[in-house]
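First the structure, in the form of structure tokens, and then the observations on it.
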Amino acid sequence: MDDDEDLFASDVDEDKEKNANPEDKKHALRRDLRTMVYGFGDDKEPSDKTLDVLEAIVLNYIKELCQLAMKVGKPDKMALEDIHYLIRRDSKKFSRVKDLLSMSEELKKARKQFDEVKPIL
Amino acid sequence: MSSFSKMDAMDLFGGLSSDEEEETYAPTPKASTSTLMAEMEMSDEDGDEAMEASDTDKTTSGSCPDQIVPSMFVEMPTTSAQVKFFLSSDEDSMDMPDVEQMVRDSISRLEQETKRKLQEVMEATKPITCMEPLVKKPKVEIEDLTTAQLPTVPEPMPMTSDVDRVPQGKMVRKDIESVRIKSAVKQEEEKEKENTAGKLEYDEKERLKMELLLKNFSKEQLDRYEVFRQSKFQRTMIRRLMKKFTNNAPFPEGAVIAVASLAKMVVGDIVEEALDLRDAKEDEAEQPLQPHHIRQAYYKLARDGTIRF
């Protein structure tokens with residue numbers, strides 16, 4: 001749980017961090033996070049402290065994901081790795097990611113076809 | 001000279017069928033088609049050449065002492081025209097269109113038959129349709145038959161006439177295996193059909209359920225649902241973060257999509273859990289979520305393994 005303590009201790013150091021990185025003041029995940037939390041069931045105006053904690057969790061999650069992905073395989077990060085991790089633990093996430101990726105592929109194809117047809121039209 | 005040519009031919013047509021089929025090649029279009037099919041099945045690459053040669057050198061029994069050599073080879077030394085084994089020979093060009101027509105006819109016949117068969121549950125006793133020349137690839141055949149594409153023309157063929165006749169050793173084995181495989185393939189195909197039909201049905205049901213649910217949403221619920229669907233993390237931000245965390249290592253675009261979706265799902269898991277914890281206590285319900293809810297939820301999920309790596 002050490003990680004978690006450090007995670008939440010960042011609340012205290014947040015002011016310092018803000019001054020250090022004025023450009024990512026609120027880490028711009030904040031705005032998206034606000035709407036997202038509302039979408040998931042919280043109030044229309046969630047408390048800032050809640051958002052801080054959540055943001056820290058998300059950043060930590062992404063960081064660990066990236067670092068683990070780097071470990072698996074070569075220094076490069078491959079998309080397949082990510083997906084393969086989560087197979088084991090979370091079928092929900094896995095299928096969601098799979099769907100999204102296949103959809104993005106289809107969209108790409110559709111756009112390509114549209115671009116090819118467009119000049120003719 | 002003749003022996004040399006014979007040897008060459010034998011090398012080329014090592015896998016050819018016996019004389020019997022070549023004899024019946026000419027008489028009726030139907031029989032010849034099946035022979036044609038059989039021969040094409042037997043030797044895919046040399047199929048056309050075999051047709052060419054056998055057509056021109058139909059039933060000439062030659063002075064060839066070696067009975068093993070098909071009759072077609074015998075003619076080789078006599079006339080130059082009949083030596084040809086290529087598609088491009090002019091004399092034989094007339095045969096090609098007919099062959100193709102016969103093949104098309106048989107294919108359409110095949111398709112109709114298989115469609116009929118697929119609708120009834122049948123024992124694999126009568127090898128009316130041979131689903132595959134190659135034992136190794138049943139899956140390919142399923143698709144070919146169900147989509148009924150012409151590209152399958154060169155390969156699979158009906159073997160009725162062949163089965164009736166005394167088949168060669170190779171063909172017996174293929175027959176038995178094809179029969180067995182055909183039945184297995186049919187079963188699989190039917191299962192797949194059921195599955196896909198079931199899946200479509202299931203998807204349809206889910207869609208209808210969703211529609212029904214949405215119809216009964218209150219305004220606030222609708223609003224919230226819309227926000228739920230549309231909210232996401234900016235890909236640019238995610239990419240920037242990933243670059244920072246991976247020390248500028250290269251990664252595919254798909255990874256950004258994946259990470260963004262995973263992050264959203266993590267948020268969702270935590271918030272839902274936190275809401276449950278909040279609603280468990282009456283005094284805190286209906287108030288915005290507090291950090292300690294989030295923390296508690298996070299610990300719980302980490303313990304349960306939902307957010308573990």
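By convention in this document, chain letters (A, B, ...) are assigned in the order of the sequence lines, proteins followed by strands, and residues within each chain are numbered from 1.
- With respect to the salt-bridge test (charged N to carboxylate O, under 4.0 angstrom), the residues A:K112 and A:E116 do not qualify.
- Among B:L262, B:I257, B:V271, the residue making the largest number of heavy-atom pairs under 4.5 Å with chain A is B:L262.
- For chain B, the nearby parts of A:T35 are the backbone and the side chain; heavy atoms of each come within less than 4.5 Å.
- Heavy-atom distances place no part of B:Q230 under 4.5 Å from chain A, backbone and side chain included.
- For A:K92, the parts lying under 4.5 angstrom from a heavy atom of chain B are both the backbone and the side chain.
- Between A:K93 and B:D269 a salt bridge is recorded (basic side-chain N to carboxylate O distance below 4.0 Å).
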Go through B:K300 and B:D276 one step at a time and tell me if the salt bridge (Lys or Arg N to Asp or Glu O under 4.0 Å) criterion holds.
-> CA-CA 12 Å; B:K300 181 169 188 290; B:D276 285 343; over 6 Å; no
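- Of the two parts of B:R278, only the side chain, counted from C-beta on, holds a non-hydrogen atom closer than 4.5 Å to a non-hydrogen atom of chain A.
- Side-chain contact between B:K243 and B:F251 is present, with heavy atoms from C-beta onward closer than 4.5 Å.
- Using a 4.5 Å cut-off between heavy atoms, B:N247 makes no contact with chain A at all.
- Side-chain N or O atoms of A:D42 include none that pairs as donor or acceptor with a backbone N or O of A:V37 at under 3.5 Å.
- Interface residue B:L241: only side-chain heavy atoms are found under 4.5 Å from chain A.
- When side chains are defined from C-beta on, B:R224 does not count as touching B:F217, because their heavy atoms never get closer than 4.5 Å.
- For A:L51, no part sits under 4.5 Å from any heavy atom of chain B, backbone or side chain.
- B:Q234 touches chain A through backbone and side chain together, each having a heavy atom under 4.5 Å away.
- With contacts defined as side-chain heavy-atom distances shorter than 4.5 Å, the pair B:E273/B:Y298 does not qualify.
- Counting heavy-atom pairs closer than 4.5 Å to chain A, the top residue among B:T306, B:V227, B:D223, B:I238 is B:V227.
- Contacts of B:L275 with chain A are made by side-chain atoms alone, with heavy-atom separations under 4.5 Å and no backbone atom involved.
- Residue contact with chain A, scored on non-hydrogen atoms closer than 4.5 Å, involves the backbone of B:K232 exclusively.
- Put simply, of A:D43, A:L54, A:V58, the one with the most heavy-atom pairs under 4.5 Å next to chain B is A:D43.
- A donor-acceptor contact closer than 3.5 angstrom links the side chains of B:R229 and B:Y225.
- By number of non-hydrogen pairs under 4.5 angstrom with chain A, the leading residue of B:K264, B:Q290, B:E272 is B:K264.
- The shortest distance between side-chain heavy atoms of A:R34 and A:P46 falls below 4.5 Å.
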